[in-house]
Amino acid sequence: MTEKKLTFSAKEHLKSRKEISRIFTNGIFLYSDFIILKYLPGEHQKMHKLAVSVPKRLFKSAVIRNKLKRRIRESYRLNKYILYDYSEKSKVFFNFLVIYKHKEILPYQKIEEHLVILLNKLIEQA
RNA sequence: GCAGUCGGUCAUUCUGUCGCUGUUUUGAACUCAUUUAAGACAGAGGAAAGUCCGGACAACACAGAGCAUUGUACUUCCUGACGGAAGAUACUCGUGAGGGUAUAGUAACGAAGAAGAAAAUAACCGCCCUGAACUUGUUUCGGGGUAAGGGUGAGAAGGUGAAUUAAGAACUCAUCGGUAUUGAAGGUGACUUUAAUAACCGUUCGUCUUACAAGUUGCAAUCUCAUGUAUAUCAGCAUUUAAGGGUUGCUCGUCCGAUGCUGAGGGGUAGAGAGCGAAGAUAAAUGACAGAUUAAAACAGAAUCCGGCUUACGGACCGACUGCUUUU
RNA sequence: GGUCCGGUAGUUCAGUUUGGUUAGAAUACAUGCCUGUCACGCAUGGGGUCGCGAGUUCAAGUCUCGUCCGGACCG
């Protein structure tokens with residue numbers, strides 16, 4: 001896909017409660033040092049869908065949790081072309097969760113780095 | 001100049017690139033719903049927090065009366081209510097500007113561990129008077145008086161002095177502190193100042209009395225739609241009966257029953273919408289990067305809304321005031 | 001988002017209603033006895049700023065306020 005679109009609108013958010021609980025129970029894990037990624041191939045959809053989560057146990061403050069979620073979303077927005085390039089050929093789209101794991105607040109560059117690693121792993125496995 | 005107190009205002013700003021949410025305009029696709037492109041406008045806080053109060057709003061309950069329960073309690077003013085502003089008195093922290101806490105009534109009743117003789121009808125030691133005994137003494141055993149002295153304790157019979165006495169008390173006199181009554185002055189008022197009377201005098205807590213207020217649950221309330229199925233609830237009729245249940249915790253009062261048949265009716269589960277807003281979603285929107293201002297920073301993120309209280313907080317500015325130091 | 005509950009020895013809990021002399025119990029731990037030795041049993045002992053900070057009071061685990069942490073329920 002041409003990288004003209006770097007959007008991440010509400011349609012690409014994973015919203016269905018059912019779908020999320022299905023991924024939580026049956027999803028396939030991918031680990032890095034700071035981030036967990038869980039995914040399942042989606043049915044009857046023409047885009048990838050993403051949900052971001054930062055556990056309340058790691059950070060009590062809502063401000064920090066929001067900040068980390070925004071950093072993850074931003075890094076996905078700028079790097080989702082990796083997945084779309086793959087889907088050009090295979091026509092498979094995914095639903096997946098990204099869960100923050102580390103106990104410290106990481107800067108944007110590190111989050112982006114790790115997310116890219118995980119996305120490449122995902123493509124290798126699929 | 002340094003340090004500080006009180007009150008108020010603000011809570012970085014700007015530029016560029018890429019993006020997010022809502023409303024709206026125009027164009028395109030389309031029968032509509034809707035999708036999509038471009039533009040415009042709006043887009044977290046002083047505490048959004050804690051959920052400590054009050055209210056709006058919603059559902060349910062409710063004939064009424066009394067008692068009980070819970071909460072509040074100085075004054076004036078403001079407020080729909082919580083509460084706030086300005087004061088009063090007492091205690092307390094600070095050198096000071098100032099800060100904090102408490103506040104109805106006392107007629108009646110009750111309680112106060114340990115320690116201590118005794119916790120309110122006070123004689124353990126001591127002090128004073130006196131009887132007896134003998135070992136004639138700074139002795140022993142009795143009788144009586146006495147709250148001046150003693151240790152305990154948060155608190156010991158308002159404090160101090162004089163006079164009096166065997167020692168003392170009471171009474172008396174003087175003075176100081178508090179309470180009460182009366183008068184005068186000031187204040188809207190709580191109250192303050194002052195004079196007189198000579199009546200009263202330990203501390204704390206509870207019960208009690210008076211006045212006012214209080215139904216329950218909460219937007220995950222509640223309502224609508226679609227999917228979809230068995231039996232809550234209500235009404236009528238028939239039969240039978242007085243034990244029990246509901247209504248506010250109790251009493252009075254008051255209402256209701258059980259079984260069968262017929263009819264009406266729509267529980268639970270998952271989803272969408274309304275509730276819901278000129279910020280406003282329903283996995284939940286304000287971001288990322290670069291540059292400038294010396295540094296970009298504190299506490300912290302709306303979820304039905306509004307008013308307060310409390311707690312967290314780097315810094316900047318304005319006004320009033322206090323202490324110290326230097327100079328004039 | 002809303003409504004509630006709890007925090008006490010290493011652990012599990014009493015005690016808080018009605019403030020009072022030295023905060024208890026079980027278990028775990030230590031020492032001794034018992035036994036050839038261990039366990040069981042018996043005896044003794046140590047271990048607590050009652051989550052934290054203020055206030056009321058003569059006196060606070062207990063009452064009041066604030067704060068931190070943990071947990072439950074409500075579609």
Side-chain angles (χ1 to χ4, degrees):
Chain A
M1 210 175 222
T2 52
E3 52 270 16
K4 58 165 187 180
K5 281 185 188 174
L6 293 173
T7 62
F8 183 56
S9 67
K11 284 178 203 164
E12 294 180 68
H13 288 95
L14 182 57
K15 287 186 175 177
S16 159
R17 188 180 287 254
K18 263 187 189 171
E19 198 55 33
I20 290 167
S21 58
R22 203 165 70 87
I23 293 172
F24 257 112
T25 49
N26 305 322
I28 300 159
F29 281 88
L30 288 175
Y31 294 100
S32 87
D33 290 344
F34 308 126
I35 301 172
I36 301 172
L37 193 145
K38 267 184 153 185
Y39 73 96
L40 276 179
E43 301 162 0
H44 314 298
Q45 60 188 33
K46 293 186 175 176
M47 51 182 62
H48 300 285
K49 287 195 171 185
L50 171 75
V52 178
S53 168
V54 178
K56 206 172 187 179
R57 290 200 178 165
L58 295 181
F59 302 101
K60 241 195 69 188
S61 161
V63 175
I64 295 168
R65 276 186 275 124
N66 273 349
K67 187 180 280 181
L68 290 170
K69 278 197 264 184
R70 281 165 185 159
R71 280 177 181 168
I72 292 170
R73 266 192 226 116
E74 183 71 13
S75 57
Y76 173 74
R77 182 175 73 81
L78 297 172
N79 292 290
K80 68 176 187 176
Y81 65 91
I82 298 171
L83 285 178
Y84 279 94
D85 283 352
Y86 169 76
S87 302
E88 280 278 281
K89 304 164 196 166
S90 65
K91 307 290 181 191
V92 176
F93 295 91
F94 296 105
N95 292 326
F96 54 98
L97 290 170
V98 175
I99 301 164
Y100 194 83
K101 197 176 103 184
H102 204 244
K103 285 183 182 172
E104 288 160 22
I105 305 160
L106 294 173
Y108 172 76
Q109 283 84 359
K110 275 208 166 177
I111 289 173
E112 184 172 14
E113 195 182 302
H114 279 261
L115 191 76
V116 169
I117 291 169
L118 282 179
L119 289 177
N120 284 322
K121 265 191 191 176
L122 193 153
I123 290 170
E124 279 176 31
Q125 279 202 3

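Throughout, protein chains are lettered first and strands after them, A, B, ... in sequence-line order, and every chain is numbered starting at 1. The shown structure was predicted, so the numbers you read here are calculated from the model rather than taken from an experiment.
Between the P atoms of C:G6 and B:G202, the separation comes to 44 Å (whole Å). One P atom belongs to B:G54, the other to B:C93, and the distance between them is 36 Å to the nearest Å. Here the separation of C:U49 from C:U11, taken at their P atoms, is 11 Å to the nearest Å. The gap from the P atom of B:G105 to that of B:U76 amounts to 15 Å, rounded to the nearest Å.
The pairing partner recorded for B:G183 is B:U194, the criterion being a Watson-Crick or G-U wobble arrangement whose two distances lie under 3.5 angstrom. For C:G70, the paired nucleotide is C:C5, the pair qualifying as Watson-Crick or G-U wobble because both relevant distances are below 3.5 Å.
At the heavy-atom level, A:Ser53 lies nowhere under 4.0 Å from the strands shown. Counting non-hydrogen atoms under 4.0 angstrom, A:Arg73 reaches the backbone sugars and phosphates but no base.
When A:Lys80, A:His114, A:Glu112 are each tested for a side-chain contact (heavy atoms from CB on, under 4.5 Å) with A:Ser75, only one passes: A:Glu112.
A:Lys69 has its NZ atom 8 Å from the C1' atom of B:A283, to the nearest Å. Protein atom NZ of A:Lys67 is 7 Å distant from nucleotide atom P of B:A288, rounded to whole Å. Per the geometry, CD1 belonging to A:Ile99 stands 17 Å off P belonging to B:A283, to the nearest Å.
Out of B:G19, B:U286, B:A285, the shortest distance to the side chain of A:Arg77 is found at B:G19. Of all nucleotides listed (B:C289, B:A285, B:G301), B:C289 comes nearest to the side chain of A:Gln109. In this structure, of B:C289, B:A283, B:A285, it is B:A283 that holds the atom nearest to the side chain of A:Ala51.
Residues A:Val52 and A:Glu74 both approach RNA chain B. Their nearest nucleotides, taken by heavy-atom distance, put A:Val52 toward the 5′ side.
Side-chain to base pairing of A:Arg70 with B:G301: one donor and one acceptor N or O lie within less than 3.5 Å of each other.
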